[in-house]
Asker: 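I'd like to ask you about the structure that follows.
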Amino acid sequence: MMATSYTPAVIGGGSMSDINGLDHMGRPSDAVFGEEIGESCGVFGVFGPDLDVARLTYFGLFALQHRGQESAGIAVSDGAGVTVYKDLGLVAQVFDEQRLAGLDGHLAIGHNRYSTTGSGSWENAQPSYRAIGDRTIALSHNGNLSNTSALAEQLGVLQETLSDSELMTEAIGRELDGTDWERALARVLPTFEGAFSLTIMDNDHLIGVRDPLGFRPLVLGRVDGGMVLSSETCGLDIIGADFIREIAPGEVIIIDEDGVRSIHPFTNVKQRTCVFEFVYFSRPDSTMSGQSIHAARRRMGERLAVEHPADVDVVVPVPESGIPAAQGFAAAARVPYVDGLVKNRYIGRTFISPTQQMRDQGVRMKLNPITQELEGKRVVLVDDSIVRGSTTRQLISMVKKAGANEVHLRISSPPYQWPCFYGMDTGRREELIASRMTVDEIADFLEVDSLGYLSLDGLLAATAIDPNRFCTACLSGDYPTAISVSR
Ligand code: SF4
């Protein structure tokens, strides 16, 4: 049983839990197997005097669980005060009926965390919060600031003592003291650099913020007379909310009893949304800029089949994120699509740490082959990305051991060569296999019969969105902001 002892649900309530990692779509992650791209985070918010805002936020976070599994938290205001409850673990582990019943109010924000900066400790769980005079502010952050040193210096605090999200909370709190939200945000937000989609609240206001490059998504919806903010549209769908629109890059939405208003405090706005939201991070049933994520991933597979055809018997996805691209590949190549690998969907934060021997064969923890579908076949395996390569190598070995005659690997994105500084945890540049090896060398290392990556042009075309609106830094080295840390 997980070693957890809960403290009362008050501001700062929560506990330490002894946990292990799992990556996006529920796969055990770096902490267990040392591979995979880390998630960014999920943010959510609801304003509605007649709504059970904590319960709606719980379900919103449940839908956004894929964006972060390390900790979950909800802050609720009843007008008189703000209550924050957060803890390490999945949403369904952190909250139960009893705990939600103690979170009563008319507005709430929530957060799912995947640590990209700072440790995975309870202190870094969100929402973060500060008391400002007779009110309390709470903040949930998806992204990563790239100017934390300058911000810490400006605030006169030690950078190591606060996460980037706490630095923002501190900076906003100081500006807000004695003034209103519009003025405070107009002054403080332009001092933040990097990626930040935020939901913020105090006793009476719910606020949504998207950085001027719009790295991370944030959408606005309506439910039963209330207003909702969510990282993705799937967070609206789960509570039956209607999608209104995306928050624009550089836009701030303020929601209170007077209604909804929008301000634009940034002077230099140019959209650079993370292209990996389309490749990997967002849920396939979400939409972004009017495009279905699932349909875009299918198109990536179709293009991959044209760019890198393979003479094979079956197309097999690496579940789950490789499924739509494999479907597209199979349709375009007119080759049967088969489920040759099964993923264990039920590994949660309570996942017991495997023995060293099991860790060495790590991929079996999350994927197991269906021998009958692979035996004697020439297989094209479709996945969304290769980061460090060690897990992929194990996977290829497993498919071969299951009897595949040939294994051809197709990746529905270009080689991942540069680290991300905008909220994705991919390690340092030297850890990225594509920064050290050519495609042929990677194929040799993985021991595949052939390897093909989707081109950057092919990826961007598959999104069906203006290519100039994307960040592609990890694929191209073209960073949209100045980076002050070592690459
Ligand atoms: S560097 Fe890559 S992962 Fe990071 S925001 Fe840009 S496209 Fe996304």
Asker: Counting C-beta onward and ignoring hydrogens, is there a side-chain heavy-atom pair between T392 and V318 closer than 4.5 Å?
Answerer: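 Side chain of T392 against side chain of V318, heavy atoms only: no contact under 4.5 Å found.
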
Asker: Ignoring hydrogens and geometry, is there a side-chain-to-backbone donor-acceptor pair from T481 to G194 under 3.5 Å?
Answerer: no

Asker: Tell me if a side-chain donor or acceptor on Q69 pairs with a main-chain N or O of Q65 at a distance below 3.5 Å.
Answerer: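 Yes.
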
Asker: Can you confirm whether V43 sits close enough to N142 that some side-chain heavy atom of one is under 4.5 Å from a side-chain heavy atom of the other?
Answerer: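 Yes. Closest side-chain heavy atoms under 4.5 Å.
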
Asker: Please name the pair of heavy atoms, one in V94 and one in L88, separated by the smallest distance, quoted to 0.1 Å.
Answerer: CG2-O, 3.6 Å

Asker: Stepwise, does the side chain to side chain contact (heavy atoms under 4.5 Å, CB included) test hold for R187 with T179?
Answerer: CA-CA 11 Å; R187 273 203 299 262; T179 188; 3.9 Å; yes

Asker: Hey, what do you get for CD (Q271) to CZ (F215), rounding to the nearest 0.5 Å?
Answerer: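 Q271 atom CD to F215 atom CZ measures 11.0 Å (nearest 0.5 Å).
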
Asker: In chain order, what residues pass the salt bridge (Lys or Arg N to Asp or Glu O under 4.0 Å) check against D177, with sequence neighbours excluded?
Answerer: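 If we apply the salt bridge (Lys or Arg N to Asp or Glu O under 4.0 Å) test to D177, skipping adjacent residues, there are no hits.
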
Asker: Are Q154 and N147 close enough that some pair of their side-chain heavy atoms sits under 4.5 Å apart?
Answerer: no

Asker: Tell me, with the steps shown, if T287 and I293 meet side chain to side chain contact (heavy atoms under 4.5 Å, CB included).
Answerer: CA-CA 6 Å; T287 61; I293 298 291; 6.0 Å; no

Asker: Excluding sequence neighbours, so at least two apart, what forms ring-ring contact (aromatic ring centres under 6.0 Å, His included) with F44?
Answerer: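 Partners of F44 by the ring-ring contact (aromatic ring centres under 6.0 Å, His included) criterion come out as none, since no residue qualifies.
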
Asker: CZ of F281 to CZ of R67: how many Å apart, nearest 0.5 Å?
Answerer: 8.5 Å

Asker: In a check of side-chain hydrogen bond (donor to acceptor under 3.5 Å, both in side chains) between E277 and each of S286, S282, S289, S231, which one passes?
Answerer: S282

Asker: How about CD on E431, more than 12 heavy atoms from neighbouring residues, nucleotides or ligands closer than 6.0 Å, or not?
Answerer: yes

Asker: Can you give me the closest heavy-atom contact between S321 and D383, atom names plus distance?
Answerer: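 It is OG-OD1, 4.5 Å.
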
Asker: For the residue pair Y416 and F276, categorise the inter-ring angle as parallel (less than 30°), tilted (30 to 60°) or perpendicular (more than 60°).
Answerer: perpendicular

Asker: Of all the heavy-atom pairs spanning L107 and D204, show the shortest one and how long it is.
Answerer: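 Distance-wise, the nearest heavy atoms are CD2-C, 3.6 Å.
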
Asker: Compare all side-chain heavy atoms of M227 with those of I253 and state whether any distance is below 4.5 angstrom.
Answerer: no

Asker: Counting only heavy atoms not in D258, do more than 12 fall under 6.0 Å of its CG?
Answerer: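 It does: D258 CG has more than 12 such atoms within range.
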
Asker: Apply side chain to side chain contact (heavy atoms under 4.5 Å, CB included) to residues N144 and D164 and explain how you reach the verdict.
Answerer: CA-CA 7 Å; N144 204 15; D164 57 348; 2.9 Å; yes

Asker: Does any donor atom in the side chain of E320 or H66 lie under 3.5 Å from an acceptor atom in the other side chain?
Answerer: no

Asker: Does any N or O in the side chain of D384 come within less than 3.5 Å of the main-chain N or O of Y280, such that one atom is a donor and the other an acceptor?
Answerer: no

Asker: Inspect the surroundings of CZ in F266 and state if more than 12 heavy atoms from other residues, nucleotides or ligands are less than 6.0 Å away.
Answerer: yes

Asker: Do you know which two heavy atoms are closest between T463 and A296, and how far apart they sit?
Answerer: CA-CB, 4.3 Å

Asker: With a distance cut-off below 6.0 Å to the six-membered ring centre and an angular limit of 45° from the axis, does R216 pair with Y422 as a cation-pi contact?
Answerer: no

Asker: Sequence neighbours left out, what passes side-chain contact (heavy atoms from CB on, under 4.5 Å) with S128? Give chain and number order.
Answerer: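 L139, E166, T169.
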
Asker: How would you list, by chain and number, every residue that makes a salt bridge (Lys or Arg N to Asp or Glu O under 4.0 Å) with R222, sequence neighbours excluded?
Answerer: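 Result, salt bridge (Lys or Arg N to Asp or Glu O under 4.0 Å) vs R222: none returned.
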
Asker: Under 3.5 Å, is there a donor-acceptor pair between the side chain of T83 and the main chain of L103?
Answerer: no

Asker: Mind checking what makes side-chain contact (heavy atoms from CB on, under 4.5 Å) contact with A125, not counting sequence neighbours?
Answerer: S71, K86

Asker: Going by ring-ring contact (aromatic ring centres under 6.0 Å, His included), name the residues that satisfy it together with Y453, two or more places apart in sequence or in a different chain.
Answerer: none

Asker: Indicate whether any N or O donor in one side chain lies under 3.5 Å from an N or O acceptor in the other, for S165 and Q126.
Answerer: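 Yes, side-chain donor-acceptor contact under 3.5 Å.
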
Asker: Is any side-chain heavy atom of R388 less than 4.5 Å from a side-chain heavy atom of I433?
Answerer: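 A side-chain contact under 4.5 Å is absent here.
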
Asker: Verify, without hydrogens or angle tests, whether N112 (side chain) and L61 (backbone) share a donor-acceptor contact under 3.5 angstrom.
Answerer: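 Flag set: sc N112 to bb L61 pair under 3.5 Å.
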
Asker: Kindly write out the residues that satisfy salt bridge (Lys or Arg N to Asp or Glu O under 4.0 Å) with E246, not counting sequence neighbours, or none if the list is empty.
Answerer: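 Listed in chain order: nothing, the list is empty.
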
Asker: Please confirm whether the backbone N or O of Q417 pairs with a side-chain atom of R429, one donor and one acceptor, at under 3.5 Å?
Answerer: yes

Asker: With R174, which residues qualify under side chain to side chain donor-acceptor pair (under 3.5 Å), at least two apart?
Answerer: E170

Asker: Indicate yes or no: at least one non-hydrogen side-chain atom of I465 is less than 4.5 angstrom from one of T273.
Answerer: no

Asker: Under 3.5 Å, is there a donor-acceptor pair linking the side chains of W181 and D202?
Answerer: yes

Asker: State whether the side chain of D50 and the backbone N or O of G226 hold a donor-acceptor pair below 3.5 Å, judged by distance alone.
Answerer: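 Side chain of D50 to backbone of G226: no pair is present.
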
Asker: Tell me, do I254 and R261 make a side-chain contact under 4.5 Å, heavy atoms counted?
Answerer: yes

Asker: Is a side-chain N or O of R130 found less than 3.5 angstrom from the main chain of G173, in a donor-acceptor match?
Answerer: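 Not at all, since once roles are kept as given, no pair shorter than 3.5 Å links the two residues.
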
Asker: Check for a donor-acceptor pair, side chain of D211 on one end and backbone N or O of E193 on the other, with a separation under 3.5 Å.
Answerer: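 Judged by distance alone, no pair lies under 3.5 Å.
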
Asker: Under 6.0 Å from the CG atom of D78, do we count more than 12 heavy atoms belonging to anything else shown?
Answerer: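 Enclosed.
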
Asker: Under the rule for salt bridge (Lys or Arg N to Asp or Glu O under 4.0 Å), what residues qualify as partners of D285, not counting sequence neighbours?
Answerer: R283

Asker: Sequence neighbours excluded, which residues qualify as ring-ring contact (aromatic ring centres under 6.0 Å, His included) partners of Y58?
Answerer: none

Asker: Rounded to the nearest 0.5 Å, what separation is found between the CD1 atom of I247 and the CZ atom of R210?
Answerer: 8.5 Å

Asker: Identify the two heavy atoms, one from T472 and one from L456, that lie closest to each other, and give their separation to 0.1 Å.
Answerer: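 So the minimum-distance heavy-atom pair works out to CG2-CD1, 4.0 Å.
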
Asker: Output, in order, the C-alpha distance, side-chain angles, deciding distance and verdict of side chain to side chain contact (heavy atoms under 4.5 Å, CB included) for V82 and N203.
Answerer: CA-CA 6 Å; V82 172; N203 302 43; 3.8 Å; yes

Asker: The test is side chain to side chain donor-acceptor pair (under 3.5 Å); show your working for R428 and S435 and say whether it passes.
Answerer: CA-CA 10 Å; R428 294 177 60 80; S435 75; over 6 Å; no

Asker: I want to check something: taking the side chain as every heavy atom from C-beta on, are H264 and V269 in contact at a cut-off of under 4.5 Å?
Answerer: no

Asker: Using modelled atom types only, decide if a donor and an acceptor are shared between the side chain of R113 and the backbone of C41 within a distance under 3.5 Å.
Answerer: no

Asker: Measuring from I411:CD1 to L459:CG, what's the distance to the nearest 0.5 Å?
Answerer: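 It comes to 12.5 Å.
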
Asker: List in chain and number order the residues that pass side-chain contact (heavy atoms from CB on, under 4.5 Å) with E257, two or more places apart in sequence or in another chain; answer none if no residue qualifies.
Answerer: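 side-chain contact (heavy atoms from CB on, under 4.5 Å) list for E257, sorted by chain: empty.
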
Asker: Taking only residues two or more places apart in sequence or in another chain, which ones pass ring-ring contact (aromatic ring centres under 6.0 Å, His included) with H106?
Answerer: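 In terms of ring-ring contact (aromatic ring centres under 6.0 Å, His included), with neighbours along the sequence ignored, H106 is linked to F47.
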
Asker: I need the minimum non-hydrogen distance between N124 and S163, along with the two atoms involved.
Answerer: OD1-CB, 3.6 Å

